[in-house]
Amino acid sequence: MQMFRNFTGIAAGASCLALTVMLFASGCGMGGSLDAKEAPVKQFVEGKGGMVEVENSHIVTVWLEGAGLQNSDLDQFVSLPELKHLHLNYNGDLTNEVFATAEKMPKLETLELTETKITNGAADKFRDTHPQMSVSGPGA
């Protein structure tokens with residue numbers, strides 16, 4: 001009887017491990033298929049060496065640090081209806097225009113702008129008008 005319990009425990013552990021591996025392989029269980037309209041943005045980000053996190057078929061996080069971005073590159077992120085986190089650190093050509101684009105992203109919660117051309121004054125003004133958002137970088 002003890003041997004059967006040990007085997008059952010091992011089998012349950014193996015099943016749990018298999019499920020965990022399967023979830024990680026599919027994007028930690030948060031992915032599934034990406035909305036076709038968002039696929040070009042994902043391709044752009046990955047082409048620049050960045051990553052995205054997908055949840056419920058939508059991009060919710062973009063990591064695009066040190067990618068040589070221009071302000072105009074950010075316009076495509078406005079088309080992401082569920083975007084919550086945008087990590088843009090070390091993109092030295094980004095300027096205060098980023099904030100005008102961020103205004104068009106209603107679900108944005110995190111905006112990281114360390115080592116950009118963003119000024120302290122513009123960052124502080126944006127933080128004052130968007131207290132619910134975490135904005136790192138200048139003046140932080």
Side-chain angles (χ1 to χ4, degrees):
M1 188 63 142
Q2 181 65 31
M3 189 168 120
F4 179 73
R5 277 192 217 130
N6 287 345
F7 177 75
T8 304
I10 291 169
S15 295
C16 184
L17 177 61
L19 179 60
T20 302
V21 168
M22 198 169 68
L23 287 174
F24 276 110
S26 68
C28 298
M30 295 183 274
S33 62
L34 179 63
D35 185 305
K37 293 179 217 165
E38 298 182 23
V41 176
K42 181 177 187 276
Q43 290 173 340
F44 171 81
V45 170
E46 291 175 348
K48 291 278 194 176
M51 298 183 307
V52 301
E53 177 183 2
V54 176
E55 192 174 288
N56 299 321
S57 301
H58 293 287
I59 296 173
V60 294
T61 305
V62 171
W63 290 274
L64 201 48
E65 300 176 326
L69 297 179
Q70 304 296 312
N71 292 324
S72 60
D73 291 326
L74 305 186
D75 292 339
Q76 63 192 311
F77 300 132
V78 173
S79 69
L80 303 175
E82 300 298 323
L83 184 63
K84 295 178 185 174
H85 310 285
L86 192 51
H87 305 275
L88 303 173
N89 299 312
Y90 308 105
N91 282 289
D93 290 331
L94 295 181
T95 69
N96 295 339
E97 290 179 40
V98 167
F99 296 122
T101 304
E103 288 279 353
K104 301 173 190 170
M105 301 176 194
K107 295 198 176 183
L108 198 61
E109 298 172 5
T110 306
L111 182 59
E112 293 186 356
L113 299 165
T114 300
E115 297 296 322
T116 61
K117 291 182 181 175
I118 307 295
T119 64
N120 289 347
D124 289 342
K125 181 177 178 184
F126 189 79
R127 284 185 194 99
D128 288 345
T129 58
H130 299 82
Q132 77 287 358
M133 191 181 304
S134 171
V135 180
S136 66

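The first residue in the sequence is number 1, and the count goes up from there. Keep in mind it's a predicted model, so treat the numbers as computed, not measured.
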Subject >> Salt bridge present between Lys42 and Glu38 (N-O < 4.0 angstrom) >> reply: no
**OP:** Could you pull out the closest heavy-atom pair between Asn91 and Ala67, with the gap in Å?
**Re:** OD1-N, 2.9 Å
Original post:
So with a 6.0 Å cut-off around CD of Glu97, is the heavy-atom count from everything else above 12?
Top reply: no
**OP:** Drop me the distance from Thr101's OG1 to Gln76's CD, to the nearest 0.5 angstrom.
**Re:** 11.0 Å
Original post:
Atom CG of Asp73 and atom NZ of Lys48: how far apart are they, to the nearest 0.5 Å?
Top reply: 5.5 Å
Original post:
Do you reckon Tyr90 sits in the same ILVMFWY cluster as Val52, going by side-chain contacts under 4.5 Å, direct or chained?
Top reply: no
Original post:
Taking all atoms of both residues into account, what is the closest heavy-atom pair of Leu111 and Ala102, and its distance?
Top reply: CD2-CB, 4.1 Å
Original post:
When rounded to the nearest 0.5 angstrom, what distance separates OG in Ser79 from CE in Met105?
Top reply: 9.0 Å
Subject >> Nearest-0.5 Å distance, NE2 of residue His58 to CG of residue Asp35 >> reply: 5.0 Å
**OP:** Among Glu109, Glu103, Lys125, find the residue that satisfies the side chain to side chain donor-acceptor pair (under 3.5 Å) test when tested with His130.
**Re:** Glu103
Original post:
Tell me, do Glu82 and Lys107 make a side-chain contact under 4.5 Å, heavy atoms counted?
Top reply: yes
**OP:** Compare all side-chain heavy atoms of Val98 with those of Asn71 and state whether any distance is below 4.5 angstrom.
**Re:** yes
Original post:
Would you say the side chain of Leu94 lies within less than 4.5 Å of the side chain of Gln70, judging by non-hydrogen atoms?
Top reply: no
**OP:** Consider only side-chain N and O atoms of Thr61 and His85, and report whether a donor and an acceptor are under 3.5 Å apart.
**Re:** no
Original post:
Hey, does Glu53 have a side-chain heavy atom less than 4.5 Å from the side chain of Trp63?
Top reply: yes
Original post:
If you take all heavy atoms of Ser57 and Ser33, which pair is closest and at what distance?
Top reply: OG-O, 2.8 Å
**OP:** Measure across Val45 and Met51 and return the closest heavy-atom pair with its distance rounded to 0.1 Å.
**Re:** CG1-N, 3.5 Å
Original post:
Quick one: does Phe77's side chain get under 4.5 Å of Leu64's, heavy atoms only?
Top reply: yes
Original post:
Just checking, is any N or O donor in the side chain of Thr119 or Asn96 under 3.5 Å from an acceptor N or O on the other one?
Top reply: yes
**OP:** Hey, could you give me the OG/CZ distance between Ser134 and Arg127, rounded to the nearest 0.5 Å?
**Re:** 8.5 Å
**OP:** Report yes or no: do Asn89 and Glu115 form a side-chain donor-acceptor pair below 3.5 Å?
**Re:** no
Original post:
Rounded to the nearest 0.5 Å, how far does CG of Leu108 lie from CG of Leu83?
Top reply: 5.5 Å
Original post:
Can you find a heavy atom in the side chain of Val60 that is under 4.5 Å from one in the side chain of Val54?
Top reply: no
**OP:** With the side chain counted from C-beta on, respond yes when Leu88 and Glu112 share a heavy-atom pair under 4.5 Å apart, and no when they do not.
**Re:** no
Subject >> Close side-chain approach of Leu113 and Phe99, heavy atoms under 4.5 Å >> reply: yes
Original post:
Which pair of non-hydrogen atoms, one from Leu74 and one from Leu69, has the smallest distance, and what is that distance?
Top reply: CD2-CD1, 4.1 Å
